[in-house]
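Structure, as structure tokens:
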Amino acid sequence: MAEKTKSASQKPQVTQPQLGFFGMCRWAWTQLTTMRVALILLLVLALAAIPGSLLPQRIQDPGRVNTFLENNGAWGTFLDTIQMFDVYSSVWFSAIYLLLMISLVGCIIPRTKQHWKAMRSAPPKAPRRLGRMPGYAAFTSATGEADTREDADQVFLDRAEARLKKSGYRINRRDDHVAAERGYLRETGNLVFHVALLMATLTMAIGSLFGYEGQRILVEGETFSNSLVSYDSFTPGSYYDADNLPDFRLKLDSFSSSFDDQAAGNQFGQPRSFDAKVTTNSEGKTESHTLEVNKPVRINGVGVYLTGNGYAPEVTVRDAQGNVVQSGPQVFIPDGGDGGYTSEGVIKVPDSAGTQMGFVGVFLPTATQNDKGELVSSFAELRNPYLVMSGYTGDLGLDDGVPQSVYSLDADKMTEMTDDSGNPLIIQLAEGETQDLPGGGSVTFDGVKKYIAVDISQDPTQALMLISAILVLAGLGLSLFIPRRRVWVRIKDGNAEVAALARGEDPMVGRAVSDLVKDLRDPDPAEGQDEGDVER
Amino acid sequence: MDVNTDLAMWSNQLIISAMIVYAFAMIFYAFDLFGSRELKTAKTEVASPAKASAVRRTNRKTATTAVLDRPGDDESEAPVEKSRGNRRRGARIGTSLLVLAVLLHASAVLTRALSVSRVPWGNMMEYVLTATTITVIVYLVVLTKKDVRYLGTFVSGGVLLCLGLAITVFYTPAAKLIPALDSYWIAIHVPIAILSTSLLYISAILAVFQILKSVYETKNPKWLRFMHRLPASDDLERSSYTIAAVGFITWTFTLIAGAIWAEVAWSRYWGWDTKEIWTFVVWVIYAAYLHARATRGWSKTKVAVLNIIGIASVIFNFTVVNVYFNGLHSYSGLD
Ligand code: HEM
């Protein structure tokens, strides 16, 4: 560890005038693999990760990035050029962690070699002056029953050896001393930790190449079958073969949600349960599941996760001739601004006789009038469902070839419907009601269905990631808490010395020495004479 | 839905009572730390039994002088503390009060949990409530091993401040969990996160003391005179490091458990959500801290500064990120 840095800095410094290309490379490599540079890279990595939390990110919410760009002009464009909206895939962020990984490799390899050697070689012999060690004690040992002084010393060393072996030390017995070392697992743990970090990073990179992620909205009664066309959005990894999606079907039988109408203050109206009853069908097997927020349904290596839900009012639109031109549930998106699930939605009617029609509006699950007399939703459950919309006629712009969101209406080429007095028409419907439209035709609010939004994803590397994570944790535990230390017990003419040196953090060196001394001292304390403190 | 509002009210009452007791504990501790000047001239002749044999130390031990505790000499510490042990009445009263306060405090957590029949960390208020309890408990546990009563002022003070925030800005009425939090992972991920926060907080106070003490040791300015009775800065550094190392492991666990939970809840284990970003930033800062400690050329003071930056990022992660940043971790209970 510290030794590594030492040897790196003791290498002949690059003072030669003709450094050359390889010299440069070697110099860069030496620098990159020092602790100091690793440390700086770590600090830079921490700093570089921060902007992604301050600015909207495309991987999270591309919509917010666009809004930001629209509102910030040149400044926004500048930020975009330096990849501030894609921080975690940006060139500069990648450069930092790649350098760190290289640095990591460069530090793991030599340390592994060194450690391998250390594990197979005997503990080094005692330095001449033991008194300098952080743990040290000296005392005299009596001859006891041995014939000569030398024999007594050897008996003493035998005892020391046995005692140290019992405490898990590796022993190197010399003429006049025992050298011992323990805690090799500390360095092993540290290496495991660093290798596992490398593994985790690689796994993450690979996972994003070979997996995919998709979204889908499902209204009650609808069935999803796993193929590309069934997805509302689909993001495959670069090497994902989207033609071979695992085969299965999933039907949303029903969805139930409940919200808190008892709690006080800001807890009123908070969601309490979301349960989706689903039926899956794969390889001829049909199963029922309850899909919940923290309970994905896993099927054929694919996970289906409940990520959202809302209401889909069923609306029937008739044209001037009385033909049904649109019917069925229309997904409305909760705007998230209140606890009442006020939801926004759009109904597009391209096929009516005469002109195309479009409706924009809000759905209120529990409509109530607020102090100002406005209609708002005061609760998220369906207690007094209400649909409030405005209507447009004209060109929906569906044939322009520009892809449109189904949740927004481009009213540029449309005119708003008006009532008899020329004011904008407000369509306001309770469940079961019908309202006639000014140019003929009508809108009926038939009922409400619920829908869920699911994420569907596959990541073949999850198991590997879990293993890496466990290794990170295990390695860290060993590397931080296994004390590694060397101990020497020396005796000459009955004068015994015990010394210990911690390698890495070890608050217990002193204790180790005093415990050892206690065990090695002659049974009768009157015999031995104190020549120093047990711990310096 | 079955929330026992009586119990919840009791819980609030208990918080207030605990706060009052914490306030007194803080005052007594502060007296002990900053107040008792006269201790500097305490005679310490009849110190510990170990002294009897250590003849060569006698003159140092018996000196009646303002520089009794030679900086960096931790051995002279123990006997001195012992001899004036009964004089540290402030600290002893402080600790007793702290124990009383934490009992009230723990009862507040318990009644809160019982009132909603679930784990008491469903929103920021409850998180703070539990985290502060754990902080005091961690402190008391450390206290059984080492005399760290000099931390008392900042433990009780910090807890007092946090509880004050908990019942005002973070206040959230008792209620059931939202579905996003309703998972057994909350019982794994959150308590370990709380424990990490407590450990890192205590480690950070030690780091601050370490810096002050090393200033005291080198420059000996007047305003730091109260530092004389603290252990040597190297000792403080070691305690701070040991606790931070444990905290780093628990934080690593928090991060991993969080990633597993994220996979269960949001279909991916890592998605650079704001909370994930900051948990990562905190983790990297503490990794840097551990590295810095093993890197030559980094003074202990500089390393301690990294520790303090670490706790600042933990606090930032909990407050600013929860309340102001957009993200999936919608548990603040504030909106
Ligand atoms: C060139 C790259 C690296 C080198 C030379 C290096 C070297 C070391 C060394 C020598 C230690 C032992 C310090 C000690 O025992 O106190 C250590 C510990 C540690 N390293 Fe690294 N490391 C590198 C990269 C990384 C990276 C990329 C991370 C991850 C963020 C990391 C995280 C840690 C942590 C958390 C410890 C603490 C464990 C301990 O103190 O034993 N290291 N590293």
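Reminder, nothing fancy here: chain letters follow the sequence lines and each chain counts from 1. Keep in mind that the numbers below use all heavy atoms, side chains included, and drop hydrogens, waters and symmetry copies.
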When you compare the side chains of A:Thr461 and A:Asp459, does any donor N or O come within less than 3.5 Å of an acceptor on the partner?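 Yes.
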
If you measure only the distance, is there a donor-acceptor pair under 3.5 Å linking the side chains of B:Ser203 and B:Ser240?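 Judged by distance alone, the side chains do pair up.
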
Given heavy-atom pairs under 4.5 angstrom as the criterion, report whether the side chain, backbone, both or neither of B:Leu177 touches chain A.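 For B:Leu177, the backbone is the part near chain A, not the side chain.
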
Using non-hydrogen atoms and a 4.5 Å limit, figure out which bit of B:Trp298 sits close to chain A: side chain, backbone, both or neither.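 The answer is the side chain of B:Trp298.
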
With only heavy atoms counted, which part of [X] is less than 4.5 Å from chain B, the side chain, the backbone, both or neither?
X	value
A:Met204	both
A:Leu41	neither
A:Ser457	side chain

Heavy-atom pairs under 4.5 Å with chain A - which of [options] has more of them than the others?
options	answer
B:Val282, B:Val264, B:Val281	B:Val264
B:Ile260, B:Ile309, B:Ile285, B:Asp182	B:Asp182
B:Thr242, B:Val246, B:Leu306	B:Val246

Partner of A:Asn294 under side chain to side chain donor-acceptor pair (under 3.5 Å), chosen from B:Tyr184, B:Trp261, B:Trp185: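 Considering B:Tyr184, B:Trp261, B:Trp185, a side chain to side chain donor-acceptor pair (under 3.5 Å) with A:Asn294 is found only for B:Trp261.
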
Given A:Arg272 and A:Glu381, is the salt bridge (Lys or Arg N to Asp or Glu O under 4.0 Å) satisfied, shown in steps? CA-CA 11 Å; A:Arg272 294 299 171 222; A:Glu381 285 177 21; over 6 Å; no

Just give me the residue among A:Pro296, A:Pro271, A:Ala49 that pairs up with chain B most often, heavy atom to heavy atom, under 4.5 Å.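 The option with the most such pairs is A:Pro271.
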
Is the shortest side-chain N to carboxylate O distance from A:Arg503 to A:Glu187 below 4.0 Å?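 Not counted as a salt bridge, because no side-chain N and carboxylate O are separated by less than 4.0 Å.
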
